[in-house]
Amino acid sequence: MHQNQMPDRCGMAPRIRPAADFVEREDGFHLYLDMPGVRREDLVVHIEDDELTINARTSHQLCNGERVHAMEFGDVEYSAQFALTDTMDKSRIAAQLANGVLVIFIPRREEQVPRRITIEVL
Amino acid sequence: MVIDFGSFYDFPHLLDRMMGEMSQPYTAGGRQVAFPPLYIGESEAAVVVRALIPGADLADVELTLTDKTLVLKGELKPAKGKYYRQERPTGPFQRVVRINMPVSAEKVRATMRDGVLEVLLPKATAERPQTIHIESR
């Protein structure tokens, strides 16, 4: 878990950057973000120009009248920004939220596959 | 001197946490706690244990309940591919929760939602305080 997961217990939920994995595979790039406790309707994924922005609020509904013995996490607001490069196809980005992990798939741009230039010897 | 080894006795873990803080005094904000982070709450009828295990299915987590402890065990497998950044925890994990009160083991219910595991352990009925009506003779 990300080290800033521990929140303050009063006031507004702290804003933290979720733990992220960035993985390249043959089909493109996969971005994994740990966001436990986030429901689909509370998640906002936004792409503007070359910037990918993710905002989400958790709703754990802890300590409603219970006696609390241990509290190592609480409600937070996840916030993350990522820069997209020219090698990524911004029009075909797909996002999927499952088991508290947001997976963003960014395909590689077809025409951006590095061309090999043949050099003729004169 | 009387030491109260009450329910959810967690002193060794707190000591580890303190030592960890001493070795890294400049980590601003929060600290790395054991994985997965837990929430333990107790209401009149039940004990509830919640854990943040993002990326795990209920099948990936093994729950064992003995007389005094609840053990959460599992493994998070990394994705295949070329990693440019890796911050999410991977590998096996285990946490032991001491529950020093009788719970009715057959009524324990575990659910998983949005990466949050919730284990509801209803207290054994004998443990619940029962009001005895006193009649005057």
Side-chain angles (χ1 to χ4, degrees), chain A residues 1-8 14-43 56 58-76 78 80 82 85 97-103 105, chain B residues 6-10 13-14 17 20 24 27-58 60-61 76 78-90 93 95 97-99 112-118:
Chain A
M1 191 50 49
H2 202 259
Q3 63 172 2
N4 284 333
Q5 191 74 55
M6 188 83 137
D8 292 333
R15 184 175 289 149
I16 66 161
R17 196 175 63 80
D21 282 3
F22 193 70
V23 184
E24 184 182 359
R25 264 178 246 156
E26 278 171 19
D27 52 347
F29 303 93
H30 296 256
L31 182 63
Y32 294 83
L33 296 155
D34 271 353
M35 293 180 163
V38 171
R39 292 189 192 153
R40 187 183 294 220
E41 56 266 28
D42 297 328
L43 176 72
T58 62
S59 43
H60 288 302
Q61 292 171 330
L62 302 176
C63 39
N64 34 8
E66 293 166 342
R67 177 174 300 154
V68 178
H69 290 281
M71 192 166 175
E72 296 168 0
F73 64 89
D75 276 325
V76 294
Y78 291 111
F82 296 95
T85 63
L97 183 68
N99 284 335
V101 180
L102 174 68
V103 186
F105 170 59
Chain B
S7 300
F8 315 110
Y9 171 69
D10 201 24
H13 173 225
L14 291 176
R17 192 193 275 184
Q24 289 180 314
T27 46
R31 59 207 152 196
Q32 186 74 55
V33 293
F35 184 85
L38 295 180
Y39 166 90
I40 306 168
E42 182 193 349
S43 65
E44 278 186 17
V47 174
V48 63
V49 177
R50 295 195 182 97
L52 297 188
I53 319 175
D57 264 324
L58 203 50
D60 296 336
V61 184
L76 290 174
K80 285 195 174 66
K82 198 163 127 193
Y83 271 87
Y84 291 107
R85 177 196 283 204
Q86 185 170 20
E87 296 166 352
R88 297 168 61 233
T90 54
F93 60 85
R95 284 212 68 177
V97 183
R98 276 168 169 272
I99 297 165
M112 187 77 116
R113 187 184 177 177
D114 300 326
V116 184
L117 171 74
E118 183 179 289

Original post:
Within the side chain of D21(A), is there an N or O that forms a donor-acceptor pair under 3.5 Å with the backbone of R88(B)?
Top reply: yes

Subject >> Side-chain touch V23(A)/P78(B), heavy atoms, less than 4.5 angstrom >> reply: no

Subject >> Distance, nearest 0.5 Å, that separates CE of M71(A) from CZ of R50(B) >> reply: 10.0 Å

Original post:
Which heavy atom in D34(A) sits nearest to a heavy atom in P89(B), and how many Å separate them?
Top reply: OD2-CD, 3.7 Å

Subject >> Atom pair OH (Y39(B)) and NE2 (H69(A)), whose distance is rounded to the nearest 0.5 Å >> reply: 9.5 Å

Original post:
Quick one: OH on Y84(B) to NE2 on H30(A), what's the gap to the nearest 0.5 Å?
Top reply: 12.0 Å

Original post:
Quick check: are there more than 12 heavy atoms from other residues, nucleotides or ligands sitting under 6.0 Å from CD of E26(A)?
Top reply: no

Original post:
Between CD of E42(B) and CD of E66(A), what distance do you get to the nearest 0.5 Å?
Top reply: 9.5 Å

Original post:
When you measure from the side chain of E72(A) to the backbone N and O of L38(B), does any donor-acceptor pair fall under 3.5 Å?
Top reply: yes

Original post:
Which one, L62(A), V101(A), L33(A), leads in non-hydrogen pairs under 4.5 Å with chain B?
Top reply: L62(A)

**OP:** Check V38(A) against D114(B) and note the closest heavy-atom contact, atom names and distance.
**Re:** O-CG, 3.5 Å

Subject >> side chain to side chain donor-acceptor pair (under 3.5 Å) against D60(B), all qualifying residues, sequence neighbours excluded >> reply: none

Subject >> Residue list, salt bridge (Lys or Arg N to Asp or Glu O under 4.0 Å) with R85(B), at least two apart or on another chain >> reply: E87(B)

Original post:
What part of R39(A) is in contact with chain B, defined as an atom under 4.5 angstrom from a non-hydrogen atom: side chain, backbone, both or neither?
Top reply: both

Original post:
Checking heavy atoms, do the side chain of A46(B), its backbone, both or neither come under 4.5 Å from chain A?
Top reply: neither

